[in-house]
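Hydrogens, waters and symmetry mates are skipped; everything else that's a heavy atom, side chains included, is used.
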Amino acid sequence: MSGSFQPGLENVIASETEISYLDVEKEQIVLRGYDLIELAKTVTYLDVVSLMLDGSLPTPERRDALELSLKTEYGLPEDALAILRLLPKQTHLMDALRTGISAIAGYDGDIEDRSREANYRKSIRLLAKVPQIVAASYHASMRQPLVEPRQDLSYSANFLYMITGKIPSEMEEKTFDQSLIVYSEHEMPNSTFAARVIASTQADLYGALTGAVASLKGTLHGGANEAVMKMLLEAGDEDRMEPLILGKLTRKERIMGFGHRVYMKKPDPRAMLMKEALALLAAAKNEEKLYRMCVIGEEVMNREKGLYPNLDYYAAPVYYLLGIPIDLFTPVFLAARTVGVCAHVMEQHANNRLFRPRVLYKGPRGLHPHSASVGS
């Protein structure tokens with residue numbers, strides 16, 4: 001069998017896509033022809049949802065119609081909420097999210113329809129319901145009353161409200177909306193690839209998204225933002241940030257939030273946008289110390305290892321200042337990425353070929369049963 005082995009499929013082209021591309025040399029994340037960072041600065045998350053699912057930015061009328069269709073799909077079946085309440089208190093919230101998505105699948109009458117139109121309807125339902133699963137799973141784990149969605153709030157404001165129980169300020173809403181945009185799509189990370197592999201078997205959208213959740217739970221993928229915040233809290237102060245990181249490096253511990261398979265020699269542009277957002281949010285909340293700690297950590301890692309922060313490094317303190325519990329950082333990431341996964345599954349179903357790679361076999365050959373002591 002011909003072909004070279006690339007561990008981790010590094011630099012292997014796995015799919016053709018019209019959705020997104022990481023142009024590392026130009027430090028640009030291309031989303032259907034647009035610069036993701038420019039989108040995050042100029043439009044809303046719902047505009048990006050429309051761009052991802054429809055292929056173009058919406059008119060104001062189209063955006064309003066999209067928001068109305070999402071709000072129409074708010075709410076979870078009572079049986080699904082009951083399942084979340086029955087989960088053991090120690091259940092990881094990504095596992096609860098995976099369970100919640102599976103639980104609502106059976107309520108979707110389009111589940112076995114792989115047409116673009118049906119997949120679009122399922123995408124809208126998932127975008128409406130996944131944020132509530134995220135929030136409800138947390139409140140259920142804490143044995144707290146669930147926070148019902150509000151029709152009078154924007155999509156992003158309602159998402160944050162369901163988590164915190166507080167109506168966000170205009171700055172908080174805008175900052176959270178930007179974070180959803182920059183987390184929304186990132187070409188072919190492990191979770192998106194997992195979803196496309198599952199979808200290539202003609203599995204349904206819910207199954208593919210469930211697989212993406214399982215992938216994103218891993219600490220090498222989506223769990224880094226939680227680890228970043230725990231490190232910042234462990235340091236506690238500016239004076240302790242550098243010694244803490246240097247000590248971890250001496251012990252050869254991995255510093256989460258730095259380095260990326262794609263961004264090796266240049267910064268992650270999403271991280272730089274969230275760094276700006278953190279500066280503004282920290283100033284508004286009189287938490288500049290947290291921002292300065294992050295800057296110190298960035299400088300130390302660049303000096304010692306030549307590494308740049310990725311999105312998780314600055315998104316973590318942003319989420320913390322927005323009042324999002326640390327255990328929900330990764331589920332929120334998945335909720336934002338739901339639109340990207342849905343777009344990829346739709347594209348996979350529209351022009352499908354089953355993923356079936358081969359292996360580079362390294363085991364023995366030529367063994368025979370009679371040469372071994374069978375049954376002794």
Side-chain angles (χ1 to χ4, degrees), residues 90 92-94 138 141-142 160 163-164 166 168-169 171-172 175-176 178-179 182-183 216-333 336:
Q90 68 272 19
H92 193 289
L93 292 180
M94 285 296 281
Y138 172 75
S141 73
M142 300 300 291
L160 195 53
I163 293 173
T164 67
K166 300 176 182 177
S169 68
M171 169 181 273
E172 290 172 330
T175 302
F176 186 58
Q178 277 193 329
S179 80
V182 294
Y183 267 128
L216 197 65
K217 179 187 175 183
T219 55
L220 294 183
H221 190 0
N225 48 18
E226 299 175 21
V228 168
M229 197 63 232
K230 290 174 182 177
M231 180 180 70
L232 291 169
L233 293 175
E234 181 183 354
D237 198 86
E238 297 164 73
D239 293 340
R240 296 190 56 197
M241 192 65 185
E242 181 168 348
L244 176 68
I245 291 178
L246 292 177
K248 288 179 178 293
L249 291 176
T250 299
R251 295 188 296 274
K252 300 189 182 304
E253 295 178 17
R254 184 181 177 90
I255 309 298
M256 304 304 286
F258 289 91
H260 192 283
R261 179 71 68 84
V262 177
Y263 306 110
M264 297 298 292
K265 298 180 180 179
K266 294 189 177 183
D268 180 343
R270 303 170 303 165
M272 297 301 99
L273 181 69
M274 281 294 99
K275 181 179 182 180
E276 296 173 11
L278 176 62
L280 294 174
L281 191 61
K285 293 180 174 289
N286 196 29
E287 293 281 358
E288 291 96 334
K289 179 180 75 171
L290 187 57
Y291 173 76
R292 292 193 294 268
M293 288 171 61
C294 289
V295 172
I296 290 170
E298 178 184 351
E299 293 172 347
V300 171
M301 287 299 291
N302 186 257
R303 183 189 72 216
E304 298 294 325
K305 291 293 184 179
L307 294 177
Y308 296 96
N310 57 43
L311 171 57
D312 290 321
Y313 184 72
Y314 279 107
V318 164
Y319 282 174
Y320 184 76
L321 292 184
L322 288 174
I324 299 173
I326 296 174
D327 289 345
L328 275 185
F329 286 8
T330 308
V332 169
F333 176 173

Next on the checklist: Ignoring hydrogens, what is the shortest heavy-atom contact between A271 and P309? Give both atom names and the distance.
Outcome noted: CB-O, 3.6 Å

Checklist outcome for this item: Checking E238, K285, M229 against L290 for side chain to side chain contact (heavy atoms under 4.5 Å, CB included), the one that qualifies is M229

Next on the checklist: Measuring from atom CG of L160 to atom CD1 of I324, what distance do you get when rounded to the nearest 0.5 angstrom?
Outcome noted: 5.5 Å

Next on the checklist: Assess the residue pair R240 and M293 against the criterion (side chain to side chain contact (heavy atoms under 4.5 Å, CB included)); give the C-alpha distance rounded to whole Å, side-chain angles, the decisive distance to 0.1 Å, and a yes or no.
Outcome noted: CA-CA 9 Å; R240 296 190 56 197; M293 288 171 61; over 6 Å; no

Item to check | 4.5 Å side-chain heavy-atom contact, L322 and T164 | outcome: no

Next on the checklist: Please determine whether side chain to side chain contact (heavy atoms under 4.5 Å, CB included) holds for the pair R303 and E242, giving the CA-CA distance in whole Å, both sets of side-chain angles, and the decisive distance to 0.1 Å.
Outcome noted: CA-CA 11 Å; R303 183 189 72 216; E242 181 168 348; 2.8 Å; yes

Checklist entry - Given E234 and K248, is the side chain to side chain contact (heavy atoms under 4.5 Å, CB included) satisfied, shown in steps? => result CA-CA 12 Å; E234 181 183 354; K248 288 179 178 293; 3.6 Å; yes

Item to check | Ionic contact status for E298 with K275, cut-off 4.0 Å | outcome: yes

Item to check | Qualifying residue, where the test is side chain to side chain contact (heavy atoms under 4.5 Å, CB included) with T175 and the options are L280, V318, L321, L278 | outcome: V318

Item to check | Atom pair OG1/CD of T330 and E226 - distance to nearest 0.5 Å | outcome: 3.5 Å

Checklist entry - Under 4.5 Å between any side-chain heavy atoms of V228 and F329, yes or no? => result no

Next on the checklist: As an exercise, state the distance from CG of N310 to CZ of R270, rounded to the nearest 0.5 Å.
Outcome noted: 7.0 Å

Checklist entry - Can you tell if the side chain of V332 reaches within under 4.5 Å of the side chain of Y183, non-hydrogen atoms only? => result no

Checklist entry - Nearest heavy-atom pair of E288 and A283: which atoms, and what distance? => result OE2-CA, 3.8 Å

Checklist entry - Where does the angle between the aromatic ring planes of Y313 and F258 fall among parallel (under 30°), tilted (30 to 60°) and perpendicular (over 60°)? => result tilted

Next on the checklist: Any non-hydrogen side-chain atom of Y308 less than 4.5 Å from a side-chain atom of D268?
Outcome noted: no

Checklist entry - How many angstroms lie between OG1 in T250 and CD1 in I245, if you round to the nearest 0.5 Å? => result 11.5 Å

Item to check | Spatial distance of atom CD (E287) from atom CG (L281) [nearest 0.5 Å] | outcome: 9.5 Å

Next on the checklist: Would you call the rings of Y291 and Y314 parallel, tilted or perpendicular, taking 30° and 60° as the class edges?
Outcome noted: tilted

Next on the checklist: With a 4.5 Å cut-off on side-chain heavy atoms, are Y319 and S179 touching?
Outcome noted: yes

Checklist entry - Should L232 and M241 count as side-chain neighbours, where that means a heavy-atom distance under 4.5 Å? => result yes

Item to check | Test item: Y138 and I163 side chains (from C-beta on) under 4.5 Å apart, heavy atoms | outcome: no

Checklist entry - Where the side chain of K289 meets the backbone of G236, is there a donor-acceptor pair that is under 3.5 Å apart? => result yes

Next on the checklist: Run L216 and M94 through side chain to side chain contact (heavy atoms under 4.5 Å, CB included) and show every step you take.
Outcome noted: CA-CA 8 Å; L216 197 65; M94 285 296 281; 3.8 Å; yes

Checklist entry - Tell me, do I326 and K230 make a side-chain contact under 4.5 Å, heavy atoms counted? => result yes

Checklist entry - Can you name the closest pair of heavy atoms from P267 and M272 and give their distance? => result CB-CG, 4.4 Å

Checklist entry - Which value, rounded to the nearest 0.5 Å, describes the distance between L93 atom CG and L328 atom CG? => result 5.5 Å

